[in-house]
Engineer: 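First the structure, then my questions, so here it is.
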Amino acid sequence: MFLAKVQTLNAEFSIQQEGNIKNLKEVILELAQELDAVLFVQPDAPISKSNGQHFLDKNLDLIIDGEGNCEIEDLVVNIDTKYYDKPMHNITEDQKLRKEQNDAFIASKNIKVNKNLPFVESEESVKIRSAKEIAERITILAITNFVAFNSMSGPDALEYINTHNLTSLVTPKELDFLQDPTEDKKSQETWKCECIWVLFWALNKTKEIGFPNTLADLNNIPSEEYPVGKNKNPWDFINSQATVKSTTEILDANDLYYRLDWVCVDARINGNQIEQVHPGVVYERHYALNWLINYNNAHWDNVTCDT
């Protein structure tokens with residue numbers, strides 16, 4: 001009920017005492033009741049009910065503190081429709097089926113299932129990246145990956161990019177890497193093999209992404225399908241791509257990796273070892289899939305893998 005109450009809040013302000021105000025508690029109580037407020041309170045305030053930071057209701061009774069203490073049996077929540085910017089949309093059948101099937105699949109692998117995780121985007125609301133966008137991204141990732149694995153130097157990569165007019169496709173973080181490809185940065189960049197693998201799958205170059213218990217092997221991509229190489233013009237690859245996996249297939253994969261990523265994060269937070277999947281593989285594939293569905297309309301450098 002408190003979380004529902006939070007949704008109704010449309011203003012925030014602080015109260016700071018200056019000097020000696022004898023009736024401060026009464027003033028705060030009056031304000032709280034008039035505004036139907038909740039209060040975030042420090043432990044040394046005149047109205048404190050806990051030794052740590054905590055929340056009080058409009059009657060100055062403890063809602064919750066860091067140890068889970070509570071003084072109230074119920075919290076009255078009045079939610080007016082004016083508090084919502086837009087109506088809540090209904091969950092579609094494809095979202096329900098996708099979640100149900102992936103939860104069952106994860107359980108079949110003897111992996112913890114969180115049935116409370118929300119649904120990913122519906123097929124009617126999502127916009128998948130175009131074949132050309134995906135091909136452009138693969139091309140730049142392939143170049144940075146060559147540098148990461150010492151198949152190409154940073155200066156040579158930048159010259160290649162400049163020669164083939166690819167500069168506008170390079171992100172700020174990628175440019176920083178190519179200008180200064182330290183060993184630490186190379187180690188991080190090698191993980192982008194997983195992103196390249198997912199994006200090739202999205203272009204129908206591979207049948208399946210595969211289960212994330214092993215690393216992707218880019219040697220399984222035929223050399224003639226690769227955008228970058230000796231005597232190759234990457235634009236031939238970029239301009240020849242015309243098909244993308246269906247929205248259903250991409251969302252199925254996105255939903256699965258979202259749920260697997262939660263498993264990995266949960267294990268890390270609780271200090272547990274997860275053996276069924278490789279957390280690094282899961283994260284990178286989830287990253288690429290979130291980019292594919294335009295998650296939060298983020299550019300490549302700013303993609304998040306929220307769980």
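Numbers here are sequence positions counted from 1.
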Engineer: Measuring only between side-chain heavy atoms, which start at C-beta, is Asn59 closer than 4.5 Å to Gln33?
Structural biologist: yes
Engineer: Please, which pairs that meet salt bridge (charged side-chain N to carboxylate O under 4.0 Å, His left out) have at least one residue in residues 282-298, sequence neighbours excluded?
Structural biologist: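 Listed by first then second residue: Lys192-Glu284, Glu194-Arg285.
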Engineer: Within a 6.0 Å radius of atom CD on Glu30, are there more than 12 heavy atoms belonging to other residues, nucleotides or ligands?
Structural biologist: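 Not more than 12 within 6.0 Å, no.
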Engineer: Only counting residues at least two apart or in another chain, list the ones meeting side chain to side chain contact (heavy atoms under 4.5 Å, CB included) with Leu175.
Structural biologist: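 In terms of side chain to side chain contact (heavy atoms under 4.5 Å, CB included), with neighbours along the sequence ignored, Leu175 is linked to Leu158, Val170, Gln179.
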Engineer: Are Tyr160 and Ile196 linked, directly or through other ILVMFWY residues, by side chains that come within less than 4.5 angstrom of each other?
Structural biologist: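 As far as the 4.5 Å side-chain criterion goes, Ile196 and Tyr160 are connected within one cluster.
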Engineer: Check this for me, if you would: do Glu123 and Arg98 make a salt bridge, where the nitrogen-to-carboxylate-oxygen distance has to be below 4.0 angstrom?
Structural biologist: yes
Engineer: Does a side-chain N-to-carboxylate-O contact under 4.0 Å join Lys232 and Asp236?
Structural biologist: no
Engineer: Indicate the atoms forming the closest heavy-atom contact of Asn162 with Thr167, along with that distance.
Structural biologist: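 Nearest heavy atoms, Asn162 then Thr167: CA-OG1, 4.1 Å.
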Engineer: Partners of Phe55 by ring-ring contact (aromatic ring centres under 6.0 Å, His included), sequence neighbours excluded?
Structural biologist: Phe2, Phe40
Engineer: Among residues at least two apart in sequence or on other chains, which ones pass salt bridge (Lys or Arg N to Asp or Glu O under 4.0 Å) with Glu189?
Structural biologist: none
Engineer: Should Val265 and Arg268 count as side-chain neighbours, where that means a heavy-atom distance under 4.5 Å?
Structural biologist: yes
Engineer: Do the charged groups of Asp61 and Lys49 touch, with an N to O distance under 4.0 Å?
Structural biologist: yes
Engineer: Between Tyr226 and Phe146, what is the ring plane arrangement, given parallel below 30°, perpendicular above 60°, and tilted in between?
Structural biologist: tilted
Engineer: Has Ser48 got a side-chain atom pairing as donor or acceptor with Pro43's backbone, closer than 3.5 angstrom?
Structural biologist: yes
Engineer: Output every pair passing salt bridge (charged side-chain N to carboxylate O under 4.0 Å, His left out) with a member in residues 177-187, not counting sequence neighbours, ordered by first then second residue.
Structural biologist: Asp176-Lys185, Asp180-Lys185, Glu183-Lys186
Engineer: Step through the shown structure and confirm whether more than 12 heavy atoms of other residues, nucleotides or ligands are within 6.0 Å of CD on Glu275.
Structural biologist: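 Atom CD in Glu275 is not crowded, with 12 or fewer foreign heavy atoms closer than 6.0 Å.
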Engineer: Take atom CD of Glu224 as the centre, draw a 6.0 Å sphere, and report whether it contains more than 12 heavy atoms from other residues, nucleotides or ligands.
Structural biologist: yes
Engineer: If you look at every heavy atom in Trp191 and Ser187, which pair is closest and at what distance?
Structural biologist: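 Taking every non-hydrogen atom into account, CD1-O, 3.7 Å.
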Engineer: Are Ile28 and Phe13 joined in one hydrophobic group, where the rule is that I, L, V, M, F, W and Y side chains link up if heavy atoms are under 4.5 Å apart?
Structural biologist: yes
Engineer: With sequence neighbours left out, what residues match Asp57 under salt bridge (Lys or Arg N to Asp or Glu O under 4.0 Å)?
Structural biologist: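 Here no residue qualifies.
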Engineer: Ring-plane angle category for His286 and Tyr258, please: parallel below 30°, perpendicular beyond 60°, tilted otherwise.
Structural biologist: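 Tilted: the ring planes of His286 and Tyr258 meet at 30° to 60°.
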